[in-house]
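One is the number of the first residue; the rest follow in order along the sequence. Counting starts at 1 for both ligands and their atoms, in listed order.
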Amino acid sequence: MTGSAPAEAAVDRATRLAQELREREVDVLLVETPINLRYLTGFTGSHGLALLSGDQADGSRLGPHRFLTDFRYATQSGEQVPDAFEREIVAGELLDAAAGSLPGSRGRLGFDEASLSVARHRKLVGLLPEGWQLVPCAGAVERLRAVKEPGEIGLIRAACELADEALKAVLEAGVVGRSERDVAIELELRMRRLGAEAASFPSIVAAGPHAALPHAEPRDLPIPPDVLLTIDWGALSDGYCSDCTRTFATGEAIGVEARGIYALVLRAQEQGLAAVKAGPSGREVDAVAREVIDQAGQGEHFGHGLGHGVGMDIHEAPRLSRTAGEEPLLAGNVVSVEPGVYLPGDLGVRIEDLVVVEEGGCEILTSLPKSLTVVD
Ligand code: ZN
Ligand code: ZN
């Protein structure tokens with residue numbers, strides 16, 4: 001599969017979404033965000049809009065699923081968007097064309113209040129035919145995306161393998177004495193050469209005290225020997241992201257404290273992994289790993305959530321954190337498990353794997369070893 005969702009998957013997703021819309025009493029859902037558009041229609045271009053028709057109580061729909069784009073994408077949309085959508089090439093504004101041609105005399109139009117700008121919302125209110133009402137509907141598509149199909153898991157697995165391979169090659173070439181930035185650039189270059197579209201996010205390469213910043217930006221400073229080095233990286237491949245973090249030692253002469261913190265984070269990560277399965281909530285899984293770090297007196301140095309969903313977006317549903325809701329994890333969720341301990345001015349350790357939630361456990365997709373590895 002090269003980029004576009006196969007027509008079959010898109011049709012199946014649109015059908016599941018139509019059922020979800022019925023529960024929300026939404027007749028038509030407006031979809032504009034590129035990732036949701038790609039997920040539902042397979043379209044990978046930059047300018048498109050879909051109107052998804054929800055199931056009515058009697059099983060019928062108000063109108064067909066529709067896909068709108070401009071002439072630049074006439075050929076591409078014809079190839080990518082399945083026939084379950086009526087495809088339309090629009091000369092003017094897509095939003096005008098969509099709002100001006102809603103089916104029937106009345107209905108409820110769902111929109112994504114988390115992504116639609118205030119200006120576009122105002123415009124939409126002005127365009128809406130009388131009898132139609134706007135209904136906030138954020139999260140409807142994201143809910144579907146959170147549970148991955150086997151094909152999607154295969155693509156995420158491939159992205160993980162690609163990213164692992166790229167990092168191995170970078171480490172083999174040596175990192176001590178090179179700048180953090182140079183290592184980050186080489187890592188991204190190798191991922192692209194191995195077939196990635198891009199890095200799934202800007203790589204983090206942070207040595208010594210700099211690694212105490214969870215989102216450290218790589219610097220033009222050389223990586224010294226005998227410190228901890230955190231690398232957090234991922235590949236975007238066929239539309240799907242990977243995400244992994246490893247912390248290495250750049251020599252044997254790292255301190256006792258650094259080894260102790262590393263062992264602690266690893267223990268928390270392993271217990272977190274052991275807790276991931278369908279059933280418990282993201283909050284409960286977070287608590288398992290957090291408890292290990294709390295018990296060691298380092299709770300205040302683990303300030304972020306245990307993990308997040310990963311898919312077409314690098315951060316998506318569900319979350320593993322203290323503020324995650326009570327919703328149970330579901331088989332097919334793909335989440336990171338990434339505890340960290342950050343001692344300001346001193347060091348930072350984070351260890352992250354990407355896993356597929358299954359009944360009774362999880363499958364780990366990232367494969368690099370986790371015992372403290374010395375690199376040079
Ligand atoms: Zn990460
Ligand atoms: Zn992550």
| message | Inside 2.8 Å of the Zn ion (ligand 1) but strictly below it, how many protein N/O/S atoms are present? | response | 4
| said: I want to check something: taking the side chain as every heavy atom from C-beta on, are Arg246 and Arg350 in contact at a cut-off of under 4.5 Å? | reply: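 No, too far: nothing below the 4.5 Å cut-off.
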| message | Show me the pairs that pass side-chain hydrogen bond (donor to acceptor under 3.5 Å, both in side chains) and involve residues 300-310, at least two apart or across chains. | response |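 Residue pairs passing side-chain hydrogen bond (donor to acceptor under 3.5 Å, both in side chains), neighbours aside: Asp243-His308, Gln298-His301, His304-Tyr342, His308-Ser336, His308-Glu338.
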| message | Any N/O/S atom from His315 (main chain or side chain) under 2.8 Å of the Zn ion (ligand 2)? | response | no
| task | May I ask you to decide if Val310's main-chain N or O and Lys148's side chain share a donor-acceptor pair within less than 3.5 Å? | result |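 Judged by distance alone, yes, a pair lies under 3.5 Å.
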| query | Hey, does the side chain of Glu180 reach the backbone of Ala207 with a donor-acceptor pair shorter than 3.5 angstrom? | reply | yes
| query | Partners of Asp27 by salt bridge (charged side-chain N to carboxylate O under 4.0 Å, His left out), sequence neighbours excluded? | reply |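 Residues passing salt bridge (charged side-chain N to carboxylate O under 4.0 Å, His left out) with Asp27: none at all.
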| request: Would you please name every residue forming a salt bridge (charged side-chain N to carboxylate O under 4.0 Å, His left out) with Glu363, sequence neighbours left out? | output: Arg157
